[in-house]
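Take a look at the structure below.
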Protein chains: 2
Amino acid sequence: MREKHIAELVDRYISVSFSVTKKAEALIKEQIGNDGDLTNDQHYTLRYMHRAGSCTSSELAEVFEVKKSAITAIINRMWEKGLIQRTRDENDRRVVYLTLTDKGKELYLKTEERITRLVKSFITSFDQEEIEQFIKTYEKLNEILIKSKN
Amino acid sequence: MREKHIAELVDRYISVSFSVTKKAEALIKEQIGNDGDLTNDQHYTLRYMHRAGSCTSSELAEVFEVKKSAITAIINRMWEKGLIQRTRDENDRRVVYLTLTDKGKELYLKTEERITRLVKSFITSFDQEEIEQFIKTYEKLNEILIKSKN
DNA sequence: CGTTAATAGTTAAACAGTTGAACAGTTTAT
DNA sequence: ATAAACTGTTCAACTGTTTAACTATTAACG
């Protein structure tokens, strides 16, 4: 009986998480792609770098759960647009530090503002307590997912 | 004061939703890609078709929020693998019905079973009530996202 | 009826993102 | 000093995506 209940929850979770993910991505793309000429992944890369101040390819590969060569490709495209700066570490010359240029920072802040406005419009249509609990569970799920990798 | 609180919630939501999405996708890919030679999108396409029994390209394009040509490409790849059947509607010869072949159904059920086991292992690490509320909010969010398109 | 609209699906070019394997250059270990 | 490990890159091959042009078919309507 309880087993069946869990099976139902699992099923609902699979359905809805896929659907929400796709729809949210599409909406965010609409916001970002307006004039900024950025993709969703590129925005989240800028976001991470803005928060970290500076980071490496390996770090991004780990955070984004992709191979390093994938990061190189993304960084190359943004570097060509003048959004990112590469600086070799003089102490360990294998390492390349990635930082935002002024242009990159400006574009990031502009697109982030749009995304924030969008997400806000959804969040405020929820009950305050409800959304807090939702995000809390999201964060807990995130932690479990991180642990499950080790 | 309340404004600031909402801003913080929005920020946490953006961070965690991206992170969870990426991590979950990576984990599911691990399960699916084991030997089945399927991608995540291909699995979710099979999933939709299995539930619908039969569907069209346009229907998939609408559900997945992509252009029809993107669906054609996905369907082609799965058709080449012998997972999907195409049948012209004899009443309206523009329409092509898509159905799973036996091979497609078998592969779908096998991969779905793996995903279910994975998701179950996460869900059961939550408090029963907590996860129910979480999924409920997810479903509500999904509805809001659907509405926001119109 | 016949012309025009709209619809369903495909194709092709171009791009973003991804992996896997091979590679260069640079530490670190032993 | 040599081997092992690490950081990042390049390349080929692939999936997924959009845009635009196209085929074939059906619907609309004067």
Side-chain angles (χ1 to χ4, degrees), chain A residues 18 21-23 25-30 32-34 36-46 48 54-81 83-99, chain B residues 18 21-23 25-30 32-34 36-46 48 54-81 83-99:
Chain A
F18 178 74
T21 298
K22 287 282 173 193
K23 283 178 179 48
E25 265 182 10
L27 271 173
I28 285 174
K29 187 177 169 190
E30 253 177 54
I32 293 179
N34 249 349
D37 200 24
L38 268 186
T39 65
N40 287 14
D41 282 323
Q42 286 171 3
H43 172 74
Y44 283 110
T45 307
L46 291 184
Y48 185 86
S54 146
C55 69
T56 65
S57 283
S58 301
E59 196 179 335
L60 287 173
E62 206 182 329
V63 172
F64 287 5
E65 308 258 353
V66 295
K67 297 284 177 287
K68 284 189 290 186
S69 53
I71 298 295
T72 299
I74 292 179
I75 296 298
N76 275 342
R77 282 177 217 113
M78 291 202 285
W79 182 83
E80 278 160 22
K81 289 184 205 161
L83 305 176
I84 284 179
Q85 218 168 0
R86 282 173 156 124
T87 319
R88 274 233 120 79
D89 181 350
E90 287 306 322
N91 290 60
D92 184 343
R93 292 190 52 73
R94 290 170 301 182
V95 178
V96 175
Y97 291 121
L98 304 169
T99 49
Chain B
F18 178 75
T21 298
K22 288 283 172 190
K23 283 177 179 48
E25 266 182 9
L27 271 172
I28 286 175
K29 189 176 169 189
E30 254 175 52
I32 293 180
N34 248 351
D37 200 23
L38 267 188
T39 65
N40 288 13
D41 282 322
Q42 285 172 3
H43 171 74
Y44 282 110
T45 306
L46 291 184
Y48 185 87
S54 146
C55 68
T56 64
S57 283
S58 302
E59 196 177 335
L60 287 172
E62 206 182 327
V63 172
F64 288 6
E65 309 256 351
V66 295
K67 296 286 176 289
K68 283 188 292 186
S69 53
I71 298 296
T72 299
I74 292 178
I75 296 298
N76 275 343
R77 283 177 215 114
M78 292 201 285
W79 182 82
E80 278 159 22
K81 289 183 204 161
L83 306 175
I84 285 179
Q85 218 169 0
R86 281 174 157 125
T87 320
R88 274 234 120 79
D89 181 348
E90 287 305 323
N91 289 62
D92 183 344
R93 292 190 52 73
R94 290 170 302 182
V95 178
V96 175
Y97 292 121
L98 304 169
T99 49

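FYI, side chains are in, hydrogens and waters are out, and symmetry mates aren't considered; it's all heavy atoms of this structure. Reminder, nothing fancy here: chain letters follow the sequence lines and each chain counts from 1.
Here the nucleotide nearest the side chain of B/R77, chosen from C/dG9, D/dT17, D/dT18, is D/dT17. Side-chain atoms of A/S58 lie closest to D/dG8 of the nucleotides D/dT18, D/dG8, C/dG9. Checking D/dT19, D/dG8, C/dT19 against every side-chain atom of A/K68, the shortest atom distance belongs to D/dG8.
B/Q85 pairs by the side-chain hydrogen bond (donor to acceptor under 3.5 Å, both in side chains) definition with nothing, not counting sequence neighbours. Here A/F18 pairs with B/Y44, B/F64 under the ring-ring contact (aromatic ring centres under 6.0 Å, His included) rule; sequence neighbours left out.
Side-chain atoms of B/T39 and B/M78, non-hydrogen and from C-beta on, never get closer than 4.5 Å to each other.
Taking 4.0 angstrom as the limit, B/S69 places none of its side-chain polar atoms (N or O) nearer than this to OP1 or OP2 of C/dT10.
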Quick tally for nucleotides 25-30 of chain C: nucleotides whose base has a protein heavy atom under 4.0 Å get B, sugar-phosphate-only ones S, the rest -, giving BBS---

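If you check every strand for non-hydrogen atoms under 4.0 Å, A/T72 touches a base.
Mapping A/T56 and B/T39 onto DNA chain D by nearest heavy atom places A/T56 at the nucleotide closer to the 5' end. Nearest-nucleotide mapping onto DNA chain C: of A/V66 and B/Y97, the residue sitting toward the 5' end is B/Y97.
One atom, CZ of B/R86, and another, P of C/dG9, lie 10 Å apart when rounded to the nearest Å. One interatomic measurement links the two molecules: CD1 of A/I75 to P of C/dA16, which rounds to 14 Å at whole-angstrom precision. Rounded to an integer number of Å, the gap from NZ of A/K29 to C1' of C/dG17 is 12 Å.
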